[in-house]
Structure formats: C-alpha cells, structure tokens
Amino acid sequence: MQTPRRYHHGDLRAALLAGAEDTLREKGPAALSLRELARDLGVSHAAPSRHFKDKQALLDALALVGFNRISRTMTTALEEAGESFADRLAAGARSYVDFAVANAELLDLMYSIKHTPEASEELGAASQRWTEQMMNLIVEGQRSGEVREGPLERVGIGVFSTLHGYATLAASDSLPEEMRGQDLDELVAYILRGCAPGA
C-alpha cells in the first residue's frame, strides 16, 4: 500500500511527477488520478491543475521524464565506456536493458504515448534522442572500420530492433527461464556479428 506523503514547500510539479511514477509502478496508468496525488501530497485537489490541465498532460510529462532519463543514462554509459565499437555497444546495450527492467511500466507508457497523434514536439524530440545516440555510435563504428558500410538506417534497424526487442522481453519478464539473469554478452556478440564488415 502506498504511503501518503505530505507536501509542504518546494517544487509541486516534481512532487506530482514522483508520486505519479510511484503509482504507475505499483498500480498501472489506470490508477493515476490528479485528485489522489493531491490528497497524498496534502494539497488542495485544485493545486495540480496549475501544472497539469488533466491526467493526459500528466502522462505526457511522465513519458518525457522517462525519455530524458534514458538519454542521460545512455550518455553516462557511453562516456564511461572504452573507445572500441564493441565496448561502446556493450555499454549502451546494458544501459538500455537495465533501464527497461528497472522502469518496465514507465517504458511501456513512454512508447505508447510517443505514437499518439497528440504527442508534443518536445516529447517527439526526446523520444528520438537515445535512438540518435545509438545511430551516432554506428556512424563512429563505420568511420573506424568496425561496422560494415551501408545506409545508416539499414544497419541501425537491426541493432535497434534486436536491442529493443530483448529489453522489452526482459522488462516484461518474458525471457525463457534459462536466459533470465544472464548478462548481455551473447546478445552483444550477435549484434556485432551482424554489424561486422563483410557481414
């Protein structure tokens, strides 16, 4: 059961988003309510409307938080990785899968909202940021001769779909029993074979 938190001062918007993420993780998006969040924070039921006009606005903001977070996580992982394409791919892959597993409900929300016609330009740009990080990684690999030549989209779709598919399975606890808990070495090796010059 969620413990009510009292809100006294500071950033109400951030507090609402944090509370919404807790509710999303524990009960799912259907349970989100601005009125309930206001009650949990000890503010008037009208107070959240200064930041979110309705529940959809709250969900959009939550999705934006998620995309910004995965982009920052990916940036940190790549900055700390070695210089080779293999090292950087492994770091990026682990970063994404770890995020997906730790934020399964948020990840699902992020991608469902991203594809709605009402998605804001800001959300659309944020959703592309981590994909662009992976694409830039492939470009760097092509320049260094570690990745096969060819149109970026053609090479990148294999990398993205393999990684995203694995992350989605891991986040939904749908991997076969014998694969659960394994690290990503085998998956990264599979991607590297597909990207290798001459592949």
Side-chain angles (χ1 to χ4, degrees), residues 21 24-26 28-29 62-116 119 122-199:
E21 189 169 352
L24 179 69
R25 182 178 292 110
E26 295 170 12
L62 204 52
L64 182 60
V65 165
F67 280 118
N68 286 335
R69 188 182 299 161
I70 185 56
S71 180
R72 288 194 304 271
T73 301
M74 186 74 69
T75 296
T76 299
L78 294 176
E79 286 175 349
E80 295 174 354
E83 294 185 7
S84 73
F85 175 70
D87 287 343
R88 292 170 66 72
L89 175 64
R94 182 165 300 283
S95 172
Y96 186 59
V97 172
D98 286 350
F99 175 87
V101 171
N103 302 275
E105 298 81 7
L106 180 59
L107 187 74
D108 186 55
L109 175 71
M110 288 158 56
Y111 281 99
S112 63
I113 288 183
K114 167 190 169 183
H115 295 294
T116 61
E122 184 182 16
L123 181 59
S127 72
Q128 292 299 313
R129 206 166 291 132
W130 92 265
T131 308
E132 289 170 0
Q133 289 172 304
M134 294 302 291
M135 290 300 191
N136 289 338
L137 180 59
I138 293 169
V139 169
E140 292 169 6
Q142 287 179 321
R143 287 177 183 156
S144 66
E146 298 170 272
V147 175
R148 63 185 170 88
E149 296 180 359
L152 179 59
E153 293 77 12
R154 185 171 294 176
V155 179
I157 192 64
V159 175
F160 176 80
S161 59
T162 302
L163 178 56
H164 183 61
Y166 182 91
T168 302
L169 289 171
S172 62
D173 203 24
S174 299
L175 289 172
E177 188 70 35
E178 62 273 14
M179 293 182 67
R180 293 175 189 171
Q182 287 187 1
D183 60 28
L184 294 174
D185 289 349
E186 190 172 337
L187 181 76
V188 170
Y190 176 82
I191 296 173
L192 287 172
R193 288 195 296 271
C195 289

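Please read these numbers as outputs of a predicted model, since none were measured by experiment. For this chain, numbers begin at 1 and follow the sequence in order.
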Undergrad: If you look at every heavy atom in Pro197 and Gly145, which pair is closest and at what distance?
TA: CG-O, 3.2 Å

Undergrad: I need the Met74 CE to Met134 CE distance, nearest 0.5 Å.
TA: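 It is 5.5 Å, given to the nearest 0.5 Å.
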
Undergrad: Thr73 and Ser95: which non-hydrogen atoms are nearest, and at how many Å?
TA: CG2-OG, 3.1 Å

Undergrad: Looking at CD of Glu26 and CD of Glu21, how far apart are the two atoms once the value is rounded to the nearest 0.5 Å?
TA: 11.0 Å

Undergrad: Atom CD in Gln133, atom CD1 in Ile70: separation rounded to 0.5 Å?
TA: 8.0 Å

Undergrad: Hey, what do you get for CG (Leu192) to SG (Cys195), rounding to the nearest 0.5 Å?
TA: 6.5 Å

Undergrad: Could you walk me through whether Val159 and Leu137 pass side chain to side chain contact (heavy atoms under 4.5 Å, CB included), step by step?
TA: CA-CA 11 Å; Val159 175; Leu137 180 59; over 6 Å; no

Undergrad: Grab the two heavy atoms, one from Phe99 and one from Gly66, that are nearest each other, plus how far apart they are.
TA: CZ-O, 3.7 Å

Undergrad: Within the distance-only criterion (no hydrogens, no angle test), does the side chain of Ser172 pair as donor or acceptor with the backbone N or O of Leu169 below 3.5 angstrom?
TA: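 Confirmed, Ser172 side chain pairs with Leu169 backbone.
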
Undergrad: Test side chain to side chain contact (heavy atoms under 4.5 Å, CB included) on Asn103 and Arg69; report intermediate values, then the result.
TA: CA-CA 11 Å; Asn103 302 275; Arg69 188 182 299 161; 3.5 Å; yes

Undergrad: So, taking the atom named CG in Asp185 and the one named CZ in Arg94, what distance separates them when rounded to the nearest 0.5 Å?
TA: 6.5 Å

Undergrad: Work out which heavy atom in Arg148 is nearest to a heavy atom in Gln142; give both atom names and the distance.
TA: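 Nearest heavy atoms, Arg148 then Gln142: O-NE2, 3.1 Å.
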
Undergrad: Arg88 and side-chain contact (heavy atoms from CB on, under 4.5 Å): which single residue from Glu140, Glu146, Glu83 fits?
TA: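 Exactly one option meets the side-chain contact (heavy atoms from CB on, under 4.5 Å) with Arg88, and it is Glu140.
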
Undergrad: How long is the gap from OG1 on Thr168 to OH on Tyr166, to the nearest 0.5 Å?
TA: 12.0 Å

Undergrad: Short question: side chain of Thr75, backbone of Ser71 - any donor-acceptor pair under 3.5 Å?
TA: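 Flag set: sc Thr75 to bb Ser71 pair under 3.5 Å.
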
Undergrad: Is the ring pair Tyr111/His164 parallel, tilted or perpendicular, if the boundaries are 30 and 60 degrees?
TA: tilted

Undergrad: Please tell me if the side chains of Asn68 and Arg72 come closer than 4.5 Å, counting only heavy atoms from C-beta onward.
TA: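 Asn68 reaches Arg72 side chain to side chain.
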
Undergrad: Which pair of heavy atoms, one from Leu163 and one from Tyr96, lies closest together, and at what distance?
TA: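 That closest heavy-atom pairing would be CG-CD2, 3.8 Å.
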
Undergrad: For Phe85 and Ile138, which heavy atoms make the closest approach, and how far apart are they?
TA: CE1-CA, 4.1 Å

Undergrad: Heavy-atom count around Gln128 CD within 6.0 Å, excluding the residue itself: above 12?
TA: yes

